[in-house]
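Take a look at the structure below.
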Amino acid sequence: MLLKNVLKYYLLILFSFNVQASPVQKIISLNLCADIILLQLADQSQQLSMTYLVNDMKSYYTIPESAQFNRGLVEEVTVFQADVILAHTFTSSLTLQRLEQLGWPIIKLKAAQTVDDIYQNIIQIGQAIQQEQKALRIVQQMKEALQQLPKLNQQKVLVFYPNGFSVGQQTLANNILSRLNLYNIAQDMGIVFWGKVSLEQMLQHQAEFIILSTSQSKTPALATQLLQHAVLQKSPHIEVANELWQCGSPLILKAMQHIIQKIQPNSIP
C-alpha cells in the first residue's frame, strides 16, 4: 500500500512538471518588435496573431502561412482567445488598461536602448512562452557573434532618419555605434534620444560617414525626400535598412556587419 501511494505521488509530480514545461499554446503580439522575437522563439503553432507590420519583415523571416494579423485592437484580442499577449512600451496605454481590466495575461517589453536590453527582452519572452532554453541559445549566439566583429577606428558618424531626425545617447543605434568603436557626433550637438539635425549642422561637425536609415518600402514619401538630398548623396554615406535596427533583435548583427564592410572593406571573412 505504501509503495502504491509513493508511485502515485511520483506520477503526480512528473505530470505536473510536464504540464508546466509544455509551451504556451496561443500567443498574440501587439507590437512589431515583439513580433520579431516571437518569430524566432515560438513554434509556428504558437504564433496565433502578430501585427500587420510584420509583413515588412518577409525579407528576413519566414512568416507562417497560417499567421493572422492584428492592428492592436482590444476587440481583436478577445476574439483570438490567447494564452499570452505580448505588448511593448509603445503599445497604446488604453489598450493595455482595457486588456488588464478584462484579465488577460500581458507581457510588456521595454524599448531596447542597449544590446543588453535586447538580451533581456529575448529571455523575458522565452520565459513567458516556456521557450527559455531557445532564448538562452539565441542570446549566447548573439554574444559570440558580437565578440567576433572587428573594431573600427573611432570614425565620426551621424545617423540620418527620414524628416532629418538623428539619434544620440540612450538609444539603441547609439549603443550599436559605440560597440563598433564609432563616434556619434550627435552627442556633440546635445542630442539625447531623438533630435532634428540640419544639413548645415552635419557639415559643420564634419562627419566622416553619414548613415542613412532607409526603408525597404519604395513608396514615395515626403519624409524620405531629405535622404535623397544631393549633399547627403555626395557625402560618404552608408545605407542601412531601418528594419535591421529599428527593433532590438538579432537582426542588429546584419546592420553592424554592413556598416563595418562599408567603412573597412574585407575586414569580415
_Is there a continuous path of hydrophobic side-chain contacts, each under 4.5 Å between heavy atoms, that joins L38 to F90?_
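Looking at the clustering, F90 is in a separate group from L38.
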*Same apolar cluster: V84 and V79, side chain cutoff 4.5 Å*: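 No.
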How about [X] and [Y]: do any of their side-chain heavy atoms sit closer than 4.5 Å?
X    : Y    : result
L158 : V197 : yes
L109 : N31  : no
P250 : Y60  : no
N184 : Q169 : no
I211 : L177 : yes
L172 : Q113 : no
M189 : I185 : yes
T95  : L73  : no

_Applying side chain to side chain donor-acceptor pair (under 3.5 Å) to Q154 and N181, what does each step give before you reach the verdict?_
CA-CA 5 Å; Q154 279 272 304; N181 200 35; 3.2 Å; yes
*Can you check side chain to side chain contact (heavy atoms under 4.5 Å, CB included) on L86 and I27, steps first, answer last?*
CA-CA 7 Å; L86 301 180; I27 308 161; 3.9 Å; yes
*Do the charged groups of K26 and D43 touch, with an N to O distance under 4.0 Å?*
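Salt bridge flag = no for D43 with K26.
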_Closest heavy-atom pair and its distance - I238, F209_ =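 That closest heavy-atom pairing would be CD1-CD2, 4.1 Å.
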Between [atom1] on residue [X] and [atom2] on residue [Y], distance to nearest 0.5 Å:
X    : Y    : atom1 : atom2 : result
W245 : S213 : CH2   : OG    : 5.5 Å
I252 : H258 : CD1   : NE2   : 15.5 Å
L32  : C247 : CG    : SG    : 4.5 Å
Q264 : I259 : CD    : CD1   : 13.0 Å
L180 : I263 : CG    : CD1   : 7.5 Å
I191 : Q187 : CD1   : CD    : 10.5 Å

*Donor-acceptor pair between Y61 and D35 side chains, under 3.5 angstrom*: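 No.
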_Donor + acceptor pair across side chains of E132, Q127 (<3.5 Å)_ =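 Yes, Q127 and E132 have a side-chain donor paired with an acceptor closer than 3.5 Å.
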*Go through I176 and M256 one step at a time and tell me if the side chain to side chain contact (heavy atoms under 4.5 Å, CB included) criterion holds.*
CA-CA 7 Å; I176 288 171; M256 295 171 82; 3.4 Å; yes
*Go through the steps to decide whether K262 and E239 satisfy the test side chain to side chain contact (heavy atoms under 4.5 Å, CB included), and finish with yes or no.*
CA-CA 9 Å; K262 292 295 183 180; E239 292 192 13; over 6 Å; no
Please answer whether the main-chain N or O of [Y] pairs with a side-chain N or O of [X] as donor and acceptor at a distance below 3.5 Å.
X    : Y    : answer
Q44  : A67  : no
K108 : H88  : no
D117 : T114 : yes
N121 : G248 : no
Q155 : N153 : yes
N70  : E76  : no
N55  : Y52  : yes
S29  : M50  : no

*Among pairs that include at least one residue of residues 143-163, which meet salt bridge (Lys or Arg N to Asp or Glu O under 4.0 Å), considering only residues two or more places apart or in two chains?*
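Sorted pair list comes back empty.
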*Counting only heavy atoms not in R98, do more than 12 sit closer than 6.0 Å to its CZ atom?*
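Atom CZ in R98 is not packed in, count stays at 12 or less.
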*Has K254 got more than 12 heavy atoms of other residues, nucleotides or ligands less than 6.0 Å from its NZ?*
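Not buried by this count: 12 neighbours or fewer within 6.0 Å.
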*Side-chain hydrophobic cluster, 4.5 Å single linkage: members besides L102*: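 Taking Ile, Leu, Val, Met, Phe, Trp and Tyr as members, L102 shares its hydrophobic cluster with I28, L30, L48, V74, V77, F80, I85, L96, L99, W104, I106.
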*How are the rings of W194 and Y161 set to each other: parallel, tilted or perpendicular (split at 30° and 60°)?*
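Tilted: the ring planes of W194 and Y161 meet at 30° to 60°.
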_Determine whether Q68 and Q47 satisfy the following criterion, side chain to side chain donor-acceptor pair (under 3.5 Å), listing intermediate values before the conclusion._
CA-CA 9 Å; Q68 302 183 70; Q47 298 167 17; over 6 Å; no
*Step by step, work out the side chain to side chain contact (heavy atoms under 4.5 Å, CB included) result for I260 and L149.*
CA-CA 8 Å; I260 291 170; L149 293 177; 4.0 Å; yes
